[in-house]
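Remarks on the structure that follows.
In what follows, chains carry the letters A, B, and so on, assigned in the order in which the sequence lines appear, proteins first and then strands, with residues in each chain numbered from 1.
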2 protein chains.
Amino acid sequence: MKQTEFSKSRRIFLEQLKSTAGASVLLRAAAVLGIGSNAIGCGGSSNASPTPPTNPPTSQINIPRPGDWPSEVGSGTSVVILGGGIAGMCAAYEMQQLGFGVTVIEASSAVGGRCRTYRAGDVVDELDSQQLCTFDTDDSLYFNPGPARIPHHHEFILGYCRDFGVALEPFINSNSSSLFHSSQAFAGRPQVARRVMHDVRGYIGDLLAQAIQSGSLASQLSGVDTNSLLNLVQVFADLDQNYSYQGSERSGFLGQEDTGSRARFTQLEPIELGQLLSSNFWQFQLDFNQSLNQQATMLQPVGGMDNIARAFEQRVNQNILTNCEVQRIENTSQGVLVEYIDEFQTVNSINADFAICTIPATVLRGIDNNFSSQHSNVIQQFEYTQSGKLAFQSPRFWESQHNIYGGISWTDQAITQVWYPSANLGSASGIIVGAYTFADNAGQTFANLAPSARVDWGIQQGAALHIDYATSVSRGLSVAWPKIPFQLGGWGRSEPSTLTTPDGNVMFAGEHVSQLQGWQEGAVMSAYQAIDSIVQRING
Amino acid sequence: MKQTEFSKSRRIFLEQLKSTAGASVLLRAAAVLGIGSNAIGCGGSSNASPTPPTNPPTSQINIPRPGDWPSEVGSGTSVVILGGGIAGMCAAYEMQQLGFGVTVIEASSAVGGRCRTYRAGDVVDELDSQQLCTFDTDDSLYFNPGPARIPHHHEFILGYCRDFGVALEPFINSNSSSLFHSSQAFAGRPQVARRVMHDVRGYIGDLLAQAIQSGSLASQLSGVDTNSLLNLVQVFADLDQNYSYQGSERSGFLGQEDTGSRARFTQLEPIELGQLLSSNFWQFQLDFNQSLNQQATMLQPVGGMDNIARAFEQRVNQNILTNCEVQRIENTSQGVLVEYIDEFQTVNSINADFAICTIPATVLRGIDNNFSSQHSNVIQQFEYTQSGKLAFQSPRFWESQHNIYGGISWTDQAITQVWYPSANLGSASGIIVGAYTFADNAGQTFANLAPSARVDWGIQQGAALHIDYATSVSRGLSVAWPKIPFQLGGWGRSEPSTLTTPDGNVMFAGEHVSQLQGWQEGAVMSAYQAIDSIVQRING
């Protein structure tokens, strides 16, 4: 769905809501839907291509957050939280502070949801397969199959890291020495990112400078100091003294993709504009890291993303029921009744004043409930990405042989990307992400392969980026989110729509019910939204 | 000096050399001078403004390196290395491997030269002052007053880090949430970098798209798929469906410079083009990180730059004489005689077959010698930057209050920059670089201030970037390189010229004698060059 259509449908939804709901519901819904922004959240490297901005609203949007709620407002009120991912754990943690009686019901054996990390000896359970993680035992050898990077402005999740002492380090999202590969261009030879990036800048600047000098933009530039503008363009694009692009040291040197090059200071000729255009790198990869949620600085927890979930767990510890699968969710006259089956296959039930349901819609639609038809319909039809990732352990040939320290190489093959590790630079081994599928077809294809076949598939394609790939990478480990129990999908990408409003005493949360879908920050914001709804209900 | 003039004078120098020297000297000189590139090395944030490229030479330039020299070529040959900075230590380490008898003479009490790190309890000695470093004792609280970042393609220095087990981590050189401040624009209010960066991209794309659509570039675009080009520009600049720039989410949201903003999703209006032009950010700061030596990924040793010098020291240990100040360097009929005064004020002399002199020209011109007049003249007139840095310890308000994790904020004030720490993100305290002066006037002014006055000066100016600066930063520590004994300057910036050729049995090395002046990689390459000269002399 194009961004424009998405924004439009959100606005239509708000109009409909306006006729049936009060102002505060509207305001909250607007916040959750992110009207006024084009920030479709996405942890999945799907850079929204040209995103026409909407007009900013004149009033500020109130995003609820800790501090907004009266202390002890939850005293005497019970809440059952369904799902122990980031949304659920965040809600549990905050509601404990507010005096609520909190119980978290988590279907799997550990909290964190998709915020998880695999290390030596861990087992990846999919619906029809099991994989043992055979990485070497080493703090630096881990794989984040779900969220793996945190934008610097995701201040809620970063605030928890700071408060909880979860150590953070830079995540290298952009690296001018990484590669762009297209099987359709440059005879299939990968290009160093800096060359593509700066030759594109060069041509853009060169052409604009010519247009300015020709006077053809005179009416647009009325009142503008064109000399300053020309100089700006010259610096921007590294044009020569005649405002012409004749190549740039920014684009790098001959052989710079390999260490030990003997031509270290031999400047490259610019790639022809026609070749740059036909390579199609610009459609997606080239400006990926310009989008707000992918701009530097990006961060990661030292040693694995699951440190965040672990930190929440330590603070909510005694109120978490793991290995407990929800069987039924029922709005009652008293509040909410939740039935669940525990690890001994015993059916239990729990009554609470409120429930916060963070179960992914893919899973929730298989759980018995008495939700409104409006809520049920949204849950039934909620779409998720079919994303998956594949990781390998390898000697760090990308560093020692190619001067690549972190960042992402791109290819038009189904693996789409290779991620190089951002930490422990210069050490012997590392974990690379050798595939990140998120488009529907690619994701489904990936999920339908047996784990061993995914490994072969990933190695074969990775070899188009690195000739030394097949002999270097090993111990492949994959996660296809559509096949992960209790997740059954990557991240939500339908309109949250009615799920942003309570169904009786059940509030919905999770990244899919936020304006930052696919991001942990969205999960946190959805939890705040759910808490806010409950607090407002209590306070009448 | 403009880049073009610089390149030109290098070429003239080579022409002169050609008439007097053999081909191999010429080739080596070309390598050291970096002809064919416009990579004026510079660790000092001085982004070469529009750098017209020279034509790449058709032949590859031979940069000597380990592996080029016969094993045990140095057996029976002695070399005295003057100065234990990176150039000297690298030469000593490599020549040990080749069987040379090596002695390093270092004037100060520790090796490393300008590759140094200050931590709690260290003393900064300047010619006329002493400062005690009062940072808290903590591995993360350190200050690199000299080199502080390593480009990913500086493969020699990075290779040593890898070989020696010096742990590396990302250095965040570019951060879209850092600030641009001009006292002449925006009523002195700092602007978030992303807004300036992406509004500039937006206008450039908007204007170019209009020129393309008007047909005024038809002749330049003959044969080019203008539809694809328009789409490229649209993605590049985040234009709307009409190829018009109407603001972008890339430029951020209202109040995003502060955490806790209630307007998290309120898109900003674009800054007016005229304002962007008159603010002059584009002259220097805006595209600083596009230059080859400033592009991501940048790296730093974990815990301080001096770990590199320490690692060399461990491997050259028994052959280093510290606290020994060279008094005279003399070419003799047998080789080289060096007189030095040791810490007990005793004058000693040492004879060797060869010397590698890495002493900065600023210091060398005060040392008695019998160099040729050609070498002496270059040494006498060699110019250095007058650079200096000022550091503070502070609670990390930039992270917790402004979402700034690493990177550099810029100002048109004399402090020029504020660097935020790249490591231990999310921890309580950090060391920021609160001033980095390198222009002559600014550097001299800074050097002439007493250390306590530098601190006041830096705090006053920093407050223009951060309102919470004066109440947050403390324990200021400064280094003015022109006043540091045995350095007397920042980094060399004159033509290396004759210093790239031996004077008798004395070879010159150091960053100033390289095509990467101001960078440790240049120091390493200059050492390789000196070794190469000696090996060629031995092999006749």
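Annotation: maximal heavy-atom pairing with chain B below 4.5 Å, among R396(A), E169(A), Q256(A), M298(A), occurs at Q256(A). Between chain B and the residues N424(A), L299(A), V166(A), the most heavy-atom pairs under 4.5 angstrom are made by L299(A). Of the listed residues (S177(A), S422(A), C161(A), A167(A)), the one with the most heavy-atom contacts under 4.5 Å to chain B is S177(A).
No part of N173(B) comes within reach of chain A, as not one of its non-hydrogen atoms sits under 4.5 angstrom from that chain. Contact of L221(A) with chain B is made through the side chain alone, with heavy-atom distances under 4.5 Å. For V200(A), the part sitting under 4.5 Å from any heavy atom of chain B is the side chain, from C-beta outward, and nothing else. Neither the backbone nor the side chain of N227(A) comes within contact range of chain B, judged by heavy atoms closer than 4.5 Å. Residue L217(A) touches chain B through its side chain alone, counting heavy-atom pairs closer than 4.5 Å. Both the backbone and the side chain of E155(A) have a heavy atom closer than 4.5 Å to some heavy atom of chain B. Contact of N280(A) with chain B is not made at all, since no heavy-atom distance falls under 4.5 Å. Of the atoms belonging to I204(A), heavy atoms from both backbone and side chain fall under 4.5 Å from chain B. Neither the backbone nor the side chain of S427(A) comes within contact range of chain B; no heavy atoms are under 4.5 Å apart. For chain A, no part of I212(B) is nearby; none of its heavy atoms comes within less than 4.5 Å. The contact between S400(A) and chain B is made by backbone and side chain atoms together, counting heavy-atom distances below 4.5 Å. With a threshold of 4.5 angstrom between heavy atoms, L276(A) does not approach chain B through any atom at all. Using a 4.5 Å cut-off between heavy atoms, E399(A) contacts chain B through both its backbone and its side chain. The parts of L229(A) that come within reach of chain B are both its backbone and its side chain, each placing non-hydrogen atoms under 4.5 angstrom from that chain. Of the two parts of H198(A), only the side chain, counted from C-beta on, holds a non-hydrogen atom closer than 4.5 Å to a non-hydrogen atom of chain B. Only the side chain of I172(B) comes within contact range of chain A, with heavy atoms under 4.5 Å apart.
A cation-pi arrangement is absent between R65(A) and F156(A), since the terminal nitrogen or guanidinium carbon is not both under 6.0 Å from the aromatic centre and inside a 45° cone about the axis.
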Query raised in the report: For R201(B) and D287(A), what are the C-alpha separation, side-chain angles and deciding distance, and is it a salt bridge (charged side-chain N to carboxylate O under 4.0 Å, His left out)?
Result: CA-CA 11 Å; R201(B) 282 175 80 107; D287(A) 297 311; 2.8 Å; yes

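Ring-plane geometry between F236(A) and F236(B) is classed as perpendicular, the angle between the planes exceeding 60 degrees on a 0 to 90 degree scale with a lower cut at 30.
Side-chain contact check for S228(B) and D225(B): at least one donor-acceptor pair (N or O, by modelled atom type) lies under 3.5 Å.
In this structure, Q275(A) places its CD atom where more than 12 heavy-atom neighbours from other residues, nucleotides or ligands lie under 6.0 Å away.
A salt bridge links D68(B) and R262(A); the closest N-O separation between the charged side-chain nitrogens and carboxylate oxygens is under 4.0 Å.
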